[in-house]
Amino acid sequence: IYTLSLHDALPILVSHQRLRTENKTLHSELENHIRRNVELKERIKQVLARVEALEQRQEMAEASEK
């Protein structure tokens, strides 16, 4: 029978704690990227709407000149 001594278990505990910390860091970074992507997507939608509005104004101005 093999029993796990504190000497054997300590490296496992340290590795587990390090992995948990790394996981939290990666999760936080991922959340930041997702949030930033959502913000960029909304900004792109706003810019596209502005471009479409400007194009419509341009078309109306050209049509009124004819």
In this structure, NE2 of His33 is separated from CD of Glu31 (nearest 0.5 Å) by 11.5 Å
Given the options Lys41, Glu42, Arg36, Glu39 meets side-chain contact (heavy atoms from CB on, under 4.5 Å) only with Arg36
Between the NZ atom in Lys45 and the CG atom in Leu40, the distance rounded to the nearest 0.5 Å is 12.5 Å
Worksheet item: Judged by modelled atom types alone, do Asn23 and Arg20 share a side-chain donor-acceptor pair under 3.5 Å?
Response: no
Do Gln46 and Arg43 have a side chain donor and acceptor closer than 3.5 Å? yes
Output for pair (Glu55 CD, Leu48 CG), nearest 0.5 Å, gives 9.5 Å
Point to revise | Side-chain H-bond candidate by donor/acceptor type, Gln56 with Glu52, under 3.5 Å | key: no
Legend entry - Check: Thr25 side chain, Thr21 main-chain N or O, donor-acceptor pair, under 3.5 Å: yes
